[in-house]
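Every chain is numbered from 1 and lettered A, B, ... according to where its sequence line falls, protein lines coming before strand lines.
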There are 2 protein chains.
Amino acid sequence: MMQDDYPALTLEIMDLVGDKWTLLLVYTLGDGPLRFSELRRRAMPISQKMLAQTLRGLERHGMVDRTVLPTAPPQVEYALTDLGQTFLSAARVICQWTKDNLAELQEARSRFDAQRLAA
Amino acid sequence: MMQDDYPALTLEIMDLVGDKWTLLLVYTLGDGPLRFSELRRRAMPISQKMLAQTLRGLERHGMVDRTVLPTAPPQVEYALTDLGQTFLSAARVICQWTKDNLAELQEARSRFDAQRLAA
DNA sequence: TCCCATGGTTTCCAAAAAGTAACCTTCACC
DNA sequence: GGTGAAGGTTACTTTTTGGAAACCATGGGA
């Protein structure tokens with residue numbers, strides 16, 4: 001594995017998940033396919049606009065499938081693709097790291113902020 | 001491992017690395033400690049302002065150590081802390097995933113964009 | 001006929017992020 | 001006393017992002 005490739009890949013990662021909602025939606029869809037409105041309820045307080053926009057991005061990258069159900073009124077179901085599933089597995093590693101180190105992160109922040117305030 | 005905790009953790013992750021330069025700097029510092037100007041050269045085209053700002057953020061979260069060397073003029077060395085190192089290890093998993101799936105991501109994008117253009 | 005739900009899009013606005021360029025401080029050296 | 005390097009900070013501007021609210025298309029049911 002060539003370490004040299006990583007810096008360039010970070011740009012791709014930021015394009016993929018470097019916004020406010022993408023990661024949250026991927027995790028939410030990790031529980032199974034959801035319709036637009038149910039997804040919105042679970043990912044609150046996301047706005048309708050940002051939900052639509054973020055889902056387009058995920059669809060565009062092949063991480064999410066969009067299926068229109070033949071109901072009336074038509075319902076739309078969103079589901080992780082296989083690619084989306086493997087991404088979720090990888091993302092869980094970062095999430096687990098964050099969980100394991102949450103206390104240390106918060107302490108570091110407090111220490112740093114306190115020292116800034118003193119100066 | 002409770003899946004339910006993940007959505008909340010995504011917020012913390014975005015606070016940590018949800019900007020344009022943090023991830024790139026962490027990877028660049030993965031090669032070893034670097035001084036401000038050398039770090040800037042390697043992470044180009046980052047501006048002086050964003051480099052300083054992003055390093056403050058990393059220092060604040062305890063991911064990076066800042067050491068002023070007793071030289072004239074004083075030089076400043078930045079290095080990943082132990083916490084930063086473990087974070088890098090976790091982040092590499094996402095990077096490897098991106099590398100492994102780069103072609104598929106790009107194809108998905110092309111397909112999606114072509115279809116939008118046709119409409 | 002009008003209303004409602006679903007799943008959006010559009011418009012307009014405010015806030016946040018990032019880029020550019022100028023400026024600053026300290027010390028060594030000439 | 002002027003210059004230059006290192007490592008920043010500040011002020012100003014532009015770009016990007018996100019939120020609120022209004023609007024829209026479809027079709028079923030009262």
Separation of [X] atom [atom1] from [N] atom [atom2], in whole Å?
X: A/Leu55; N: C/dT6; atom1: CG; atom2: C1'; value: 15 Å
X: B/Arg66; N: D/dA6; atom1: CZ; atom2: C1'; value: 11 Å
X: A/Asp15; N: D/dT16; atom1: CG; atom2: P; value: 13 Å
X: B/Leu39; N: D/dG8; atom1: CG; atom2: C1'; value: 14 Å
X: A/Glu77; N: C/dG8; atom1: CD; atom2: C1'; value: 17 Å
X: A/Gln75; N: D/dG27; atom1: CD; atom2: P; value: 15 Å

Backbone N or O of [Y] within a donor-acceptor pair of the [X] side chain at under 3.5 Å?
X: B/Thr81; Y: B/Gly62; answer: yes
X: B/Tyr6; Y: A/Thr28; answer: no
X: A/Arg109; Y: B/Arg60; answer: no
X: B/Asn101; Y: B/Glu104; answer: no
X: B/Thr22; Y: B/Gly18; answer: no

To the nearest 0.5 Å, atom CH2 of B/Trp97 lies from atom CG of A/Leu88 at 10.5 Å
Return whichever of A/Pro74 or B/Pro74 has its heavy-atom-nearest nucleotide of DNA chain D closer to the 5' end.
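Taking each residue's closest nucleotide, the earlier one in sequence belongs to B/Pro74.
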Given C/dA5, D/dG7, C/dA28, identify the nucleotide with an atom nearest to the side chain of B/Phe36.
D/dG7
Give the nucleotide from the list D/dA6, C/dG7, C/dT6 with an atom nearest to the side chain of A/Pro73.
C/dT6
Parallel, tilted or perpendicular for B/Tyr78 and B/Phe36, by the 30°/60° rule?
tilted
Check nucleotides 16-22 of chain C against the protein and report each pair of N or O atoms closer than 3.5 Å, with its distance, or say if there are none.
unit_1	atom_1	unit_2	atom_2	d
C/dA18	OP1	B/Lys20	N	3.0
C/dG19	OP1	B/Lys20	NZ	2.7
C/dG19	OP2	B/Trp21	NE1	3.4
C/dG19	N7	B/Lys49	NZ	3.1
C/dG19	O6	B/Lys49	NZ	2.4

Looking only at side-chain N and O atoms, does [X] come under 4.0 Å of OP1 or OP2 in [N]?
X: B/Arg41; N: D/dA6; result: no
X: B/Ser37; N: D/dG7; result: yes
X: B/Tyr78; N: D/dG8; result: yes

Have a look at B/Arg56 and say if it touches a base, only the backbone sugar-phosphate, or nothing, with a 4.0 Å heavy-atom cut-off.
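Sugar-phosphate only.
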